[in-house]
Amino acid sequence: MRPVGILGGTFDPIHFGHLRLAEEMAQQLDLEEVRFIPSGRPWHRDVPGAQPTQRLEMVRLAIAGNPRFRLDGREVSSDSPGYTVETLAGLRPELGANRPLCLLLGADAFLGLATWHRWQALFELAHIAVAQRPGFPLRVEQMGAALRAEVEGRMSNDPHQLQNTPCGKVMACPMALLDISATRIRAAIAAGQSPRYLLPDAVVDYIQTHHLYRQGKQWNSKQ
Ligand code: ATP
């Protein structure tokens with residue numbers, strides 16, 4: 001059974017780092033689909049700049065036309081805190097007990113995993129595929145002791161192992177290193193600079209139309 005990839009995030013806004021991660025993971029792991037699940041009210045960071053429904057809409061625009069990419073709005077439409085472990089537990093019965101699920105994480109998110117709510121239960125629900133990200137070297141010594149102890153026996157280099165079991169493995173996946181972050185995009189827009197070519201044009205247009213992330217100055221879209 002081909003795995004389903006799960007890509008959660010604030011997506012404030014979605015950018016090419018997210019899209020490229022999804023594309024490369026889909027190829028490397030032969031994913032049947034990648035579910036993009038924007039967070040509702042994030043519990044682990046400051047209140048984001050765009051409303052949850054606007055972040056959802058930006059993801060919809062960004063993935064339009066890719067038949068393997070699918071938007072899942074369950075966290076945005078829920079009142080619960082949106083813990084990943086609960087989202088995965090909700091997906092399990094829908095996708096079937098034997099279906100491989102791969103939680104797709106950038107290296108920064110993976111290195112912080114041991115701070116997540118009931119993080120050890122994640123391995124009972126999904127595999128974890130970790131993408132390289134500039135500035136976050138994926139070395140054992142970068143991991144805290146608890147994370148290291150948990151993942152030691154779970155590491156795999158073989159995509160087939162993730163395709164043949166429903167959950168429990170951890171795989172590091174190379175990807176084109178794209179030094180793009182939503183924080184930097186928001187900061188550029190707030191400073192009146194263009195974010196173009198860091199994210200899809202349709203999302204840039206949406207940001208302009210809805211005056212997102214601006215603190216006064218608008219960048220000149222003709223430049
Ligand atoms: P922010 O700067 O607001 O924290 P972000 O750019 O890190 O946002 P998120 O929505 O928090 O984006 O990220 C969702 C997931 O995508 C996380 O697992 C994160 O590690 C991963 N990710 C985001 N940008 C990249 C990138 N450039 N390369 C690899 N992974 C990325």
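Numbering starts at 1 and runs along the sequence shown. Just so you know, ligand 1 is whichever comes first in the structure, and atom 1 is the first atom listed for that ligand.
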Problem set entry | Close-contact set for ligand 1 against R186 heavy atoms, below 4.0 Å | 3 (O)

Exercise. Counting heavy atoms only, which of T10, L19, I37, D12 comes nearest to atom 10 (O) of ligand 1?
Worked result: T10

Seminar exercise, completed: Counting from 1 in the order shown, the ligand 1 atoms closer than 4.0 Å to a non-hydrogen atom of G9 are 10 (O), 14 (C)

Exercise. Is any side-chain N of the basic residue among E23 and R20 closer than 4.0 Å to the acidic one's carboxylate O?
Worked result: no

For this session: May I ask you to check whether I180 has an N/O atom sitting below 3.5 Å from an N/O atom of ligand 1?
Result: yes

Exercise. What atoms of ligand 1 come closer than 4.0 angstrom to any heavy atom of D108?
Worked result: 19 (C), 20 (O)

Problem set entry | Shortest non-hydrogen separation from R148 to M143 and the atoms involved | NH2-O, 3.2 Å

Exercise. Just wondering, more than 12 heavy atoms not from D158 lying within 6.0 Å of its CG?
Worked result: yes

Exercise. Do NZ/NE/NH1/NH2 and the carboxylate oxygens of E33 and R70 come within less than 4.0 Å?
Worked result: yes

For this session: Report the part of L21 in contact with ligand 1, treating N, CA, C, O as backbone and CB onward as side chain, heavy atoms under 4.0 Å; options are side chain, backbone, both, neither.
Result: side chain

Exercise. With a cut-off of 4.0 Å, which atoms of ligand 1 are near a heavy atom of A182?
Worked result: 1 (P), 2 (O), 3 (O), 5 (P), 6 (O), 8 (O)

Problem set entry | Minimal non-hydrogen separation, L105 against L21, with atom names | C-CD1, 4.4 Å

Seminar exercise, completed: A student checking ligand 1 against G17 at a 4.0 Å heavy-atom cut-off should list atoms 26 (C), 27 (N)

Exercise. Looking only at non-hydrogen atoms, which of R133, R184, H15 approaches atom 31 (C) of ligand 1 most closely?
Worked result: R133

Seminar exercise, completed: Sequence neighbours excluded, the answer for salt bridge (Lys or Arg N to Asp or Glu O under 4.0 Å) partners of D205 is none

For this session: Before signing off on this row, confirm whether L178 and ligand 1 have an N or O atom pair separated by under 3.5 Å.
Result: yes

Problem set entry | Salt bridge R74-E94, side-chain N to carboxylate O under 4.0 Å | yes

For this session: Check whether more than 12 heavy atoms from other residues, nucleotides or ligands sit under 6.0 Å from atom CZ of R68, and answer yes or no.
Result: yes

Seminar exercise, completed: Among H18, M175, Q132, the residue with a heavy atom nearest to atom 12 (O) of ligand 1 is H18

Exercise. Going by the order shown, which atoms of ligand 1 are within less than 4.0 Å of some heavy atom of F11?
Worked result: 10 (O)

Exercise. Would you call R184 and D179 a salt bridge, using N to O less than 4.0 angstrom?
Worked result: yes

Exercise. Under a 4.0 Å heavy-atom limit, does A131 contact ligand 1 with its side chain, its backbone, both, or neither?
Worked result: neither

Exercise. Which of the numbered atoms in ligand 1 are below 4.0 angstrom from a heavy atom of G8?
Worked result: 14 (C), 15 (C)

Seminar exercise, completed: Per-atom filter on ligand 1: closer than 4.0 angstrom to a heavy atom of T183 are 1 (P), 2 (O), 3 (O), 4 (O)

Problem set entry | Charged N-O contact under 4.0 Å between R99 and E32 | yes

